[in-house]
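Just below is one structure, and these are the notes that go with it.
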Amino acid sequence: MAHTYIKDLSKHEGQQVTLKGWLAQKRDSKTIVFLVMRDGTGFLQCIVDINNVGEEVFETAKKLTQESAFEITGTVRRDEKQFGGYELQASALTVYSLATDYPITPKDHGIEFLMENRHLWLRSRRQWAIMRVRNTIIYSIHKFFQDRGFVQMDAPIFTGNAAEGTTTLFETDFYGEPAYLSQSGQLYGEAMAFAQGLIYTFGPTFRAEKSKTRRHLSEFWMIEPEMAFYDLDMDMDVIEDFVRYVVTEVLDTCKLEIEVLERDTTYLERVREPFIRMKYELAVDYIQGLKDYNGKTSIQILEEDLKAIEEAVAAKQKDIDEREAKIAGGTLTKGEKNFNQNKIDGLKNEINDLNEKAGNIPQWLNSAKNFKRGDDFGGSDETVLTRLFGQPIMVYNWPRDVKAFYMKEDENDLGYAKGVDLLAPEGYGEVVGGGERETNIEKLIGKIEEHKLPMDVFEWYLDLRRYGNVPHSGFGLGLERLVAWICGLQHIRETIPFPRSFGGKLKP
RNA sequence: GGGAACAUAACUCAGUGGCAGAGUAGCGGCCUGUUAAGCCGCGUGCCGGAUGUUCGAUCCAUCCUGUUCCCGCCA
């Protein structure tokens, strides 16, 4: 008999169903056991009452351990209090396998331990939610482009050229010749766009940069649309529509996941408003605090943030002191003492996190005040700028020297390239990078020489300018950075099932 | 490539130059339509490794290893 999935329970209210899954959590007593089953599609509390199932099944239920696999039959009941809104009154239970000593308990674990157990960590509720959001994002990316007539085409992963020459690549041996793992499908995307008009690539990308930050992976997934006959303005229109579409799809269809992640969607909701578009030079004014927005400069906002954090730390410290005094008083029962000790430990961790944040702010302020006009933005500059506006910002017309060789120079604004970066709010920074491509073959050749790139590997690329040259644009979106932003994650390593990063491990 | 911190029980963390601590998980019992449940009881340690200082080092110093965080590079 086909079994039912937890996500479909609303169609079976009051009916008897059979579910198959694993034990996420258990609470038991003399006559009743609560089993929380997870089946991949959701979580469900099953009630095993000795009066309904008899002694034998009841004892089996009582002996189930975390992550044991089992099949359960029972009646679906509506219960507003439950996660997902339903629970199951069990009548029968079959065990597939008993797990012993599952390492990941429903308590606190450090990141090192969890990463070593990534293959198991993926089962926990939070990771489950993140992966489902990731899936929704991937699906909506395809829907967005397919609905608009884009053709998905794949760029090669092995490439002979060290592409843009800006990043370190992984070198491999390709039948005796040095080959590199692709760091971008961009140049191939242009060739494919001249064949199909509108295309997008969606595949893995590799960077051997020795970056060990919360925003970097060595292996990540990138979406790179390329559009013939599109200029920078049209490119920005696509970026804006695209990001708005994907974010609202998640907001509309992943309500349970957002609940699990406890994601405050205030800033995400703001994607429904028109995105802010500003030229690089104006953005610099805001970063340096020369211009205010809604009566405040970036510098003032950061100083206020710092003060607020310091006050929060003081309040938590006061709470700790009071609880410690209570414990020292010696009149508490053991349970009350434990409760307070747990709270104190939690508060100490919160203070550590806050102090870390507070420690960053002076650096940001310093970096913002000393920002050198003409430079590329650093991570902190992006944070400062987006903190001021609290919504996605597209910064365009960048100094030509800080952007890749294929970026089109603005003929009305010489020295500036028609590139655009989309900066996500809440410190997530650059999510999209793109722009209009240089069509002037002389300028392209000049730039290739200037960057000291080997001309012969770009001959095929220059052919695109020789045959049927047209204005065209595109962009690249880092999937994991988008997942991190939408889910509100502290670190990019949680956005991909098995992250690969510098200094990280190949196991699991 | 640069900088900062951390390493104590299965897990999360306190702590002290002089016999090693708590909470959680686990086990036993009581209670309970519970939901990080509550109450009572019971374990566990090469204090990351090496060398040095010292009567004595988990604690101080040096080195090594591992991990985390920040910056740079980028998506």
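Source: prediction; values computed, not measured.
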Atom NE2 of His109(A) and atom P of rA36(B) are separated, to the nearest Å, by 16 Å

Which of these nucleotides, rC74(B), rC69(B), rG33(B), is closest to any side-chain atom of Phe34(A)?
rG33(B)

Are the ring of Phe220(A) and the base ring of rA75(B) both nearer than 5.5 Å at their centres and tilted by less than 30°?
yes

Short side-chain N/O contact from Arg493(A) to OP1 or OP2 of rC69(B), under 4.0 Å
yes

If you only use heavy atoms from C-beta on, which nucleotide in rC31(B), rG33(B), rG72(B) is closest to the side chain of Lys30(A)?
rC31(B)

Provide the Watson-Crick or G-U wobble partner of rC13(B), both distances under 3.5 Å; none if there is no partner.
rG21(B)

With a 3.5 Å limit on both atom pairs, tell me what rC63(B) is paired to, counting Watson-Crick and G-U wobble, or say none.
rG49(B)

Between Thr65(A) and Gly379(A), who's closer to the 5' end of RNA chain B by nearest nucleotide?
Thr65(A)

Does Gln82(A) reach a base, just sugar-phosphate, or nothing at all? Heavy atoms under 4.0 Å.
base

Between atom NZ in Lys210(A) and atom P in rC71(B), what is the gap in whole Å?
20 Å

Rounded to whole angstrom units, what separation is found between the CG atom of Asp375(A) and the P atom of rC71(B)?
17 Å

Return the pairing partner of rA4(B) with a 3.5 Å limit on both distances, Watson-Crick or G-U wobble; otherwise return none.
rU68(B)

Would you say the side-chain atoms of Glu494(A) and Gln127(A) include a donor-acceptor pair closer than 3.5 Å?
yes

Using the side-chain heavy atoms of Phe113(A), tell me which of these nucleotides is nearest: rU12(B), rC71(B), rU68(B).
rU12(B)

Taking only the side-chain heavy atoms of Ile32(A) (C-beta and beyond), determine which of rG33(B), rU34(B), rC74(B) contains the nearest atom.
rG33(B)

Less than 3.5 Å between a donor and an acceptor, one on the side chain of Gln45(A) and one on the base of rU34(B), is that the case here?
yes

Candidates His472(A), Lys418(A), Lys408(A) - the one meeting side-chain hydrogen bond (donor to acceptor under 3.5 Å, both in side chains) with Glu436(A)
Lys418(A)

Check this for me, if you would: do Lys372(A) and Asp381(A) make a salt bridge, where the nitrogen-to-carboxylate-oxygen distance has to be below 4.0 angstrom?
no

Separation of rC11(B) atom P from Ile111(A) atom CD1, nearest Å, is 15 Å

Whether Arg214(A) contacts rC70(B) is assessed here as follows: a side-chain N or O lying under 4.0 Å from the phosphate OP1 or OP2. Is that the case?
yes

Taking only side-chain nitrogens and oxygens of Lys81(A), does any of them come within less than 4.0 Å of OP1 or OP2 of rU35(B)?
no

Complementary nucleotide for rG38(B) - Watson-Crick or wobble, under 3.5 Å
rC30(B)

May I ask you to verify if any side-chain N or O of His216(A) is less than 4.0 angstrom from the OP1 or OP2 atom of rG72(B)?
no

Base rU12(B) paired with Glu112(A) side chain (donor-acceptor, <3.5 Å):
no

Across all strands, who's sitting opposite rU44(B) as a Watson-Crick or G-U wobble pair, both distances under 3.5 Å?
none

Base of rG1(B), side chain of Glu209(A) - is there a donor-acceptor contact under 3.5 Å?
no

Between rA75(B), rG72(B), rU68(B), which nucleotide gets closest to the side-chain atoms of Lys212(A)?
rU68(B)

Any N or O donor-acceptor pair linking the side chain of Arg207(A) to the base of rA75(B) at under 3.5 Å?
yes

Assess whether atom CZ of Phe170(A) is packed by more than 12 heavy atoms of other residues, nucleotides or ligands within 6.0 Å.
yes

Determine, stepwise, if the pair Glu450(A) / Lys447(A) fulfils salt bridge (charged side-chain N to carboxylate O under 4.0 Å, His left out).
CA-CA 5 Å; Glu450(A) 197 184 309; Lys447(A) 272 286 168 188; 3.3 Å; yes

Indicate, with a heavy-atom threshold strictly under 4.0 Å, whether Gln490(A) touches base, sugar-phosphate, or nothing.
nothing

Closest to side chain of Thr213(A), choosing from rC74(B), rG72(B), rG66(B)
rG72(B)

Of the listed nucleotides (rG66(B), rC71(B), rG33(B)), which one gets closest to any side-chain atom of Arg215(A)?
rC71(B)

Should we count CG of Asp101(A) as having more than 12 external heavy atoms under 6.0 Å?
no

Report the nucleotide, chosen from rU35(B), rC74(B), rA25(B), that has the shortest atom-to-atom distance to any side-chain atom of Thr105(A).
rA25(B)

What integer distance in Å separates Asp28(A):CG from rG28(B):P?
10 Å

Could Arg244(A) and Phe275(A) be counted as a cation-pi pair, given that NZ or CZ must be under 6.0 Å from the ring centre and within 45° of the axis?
yes

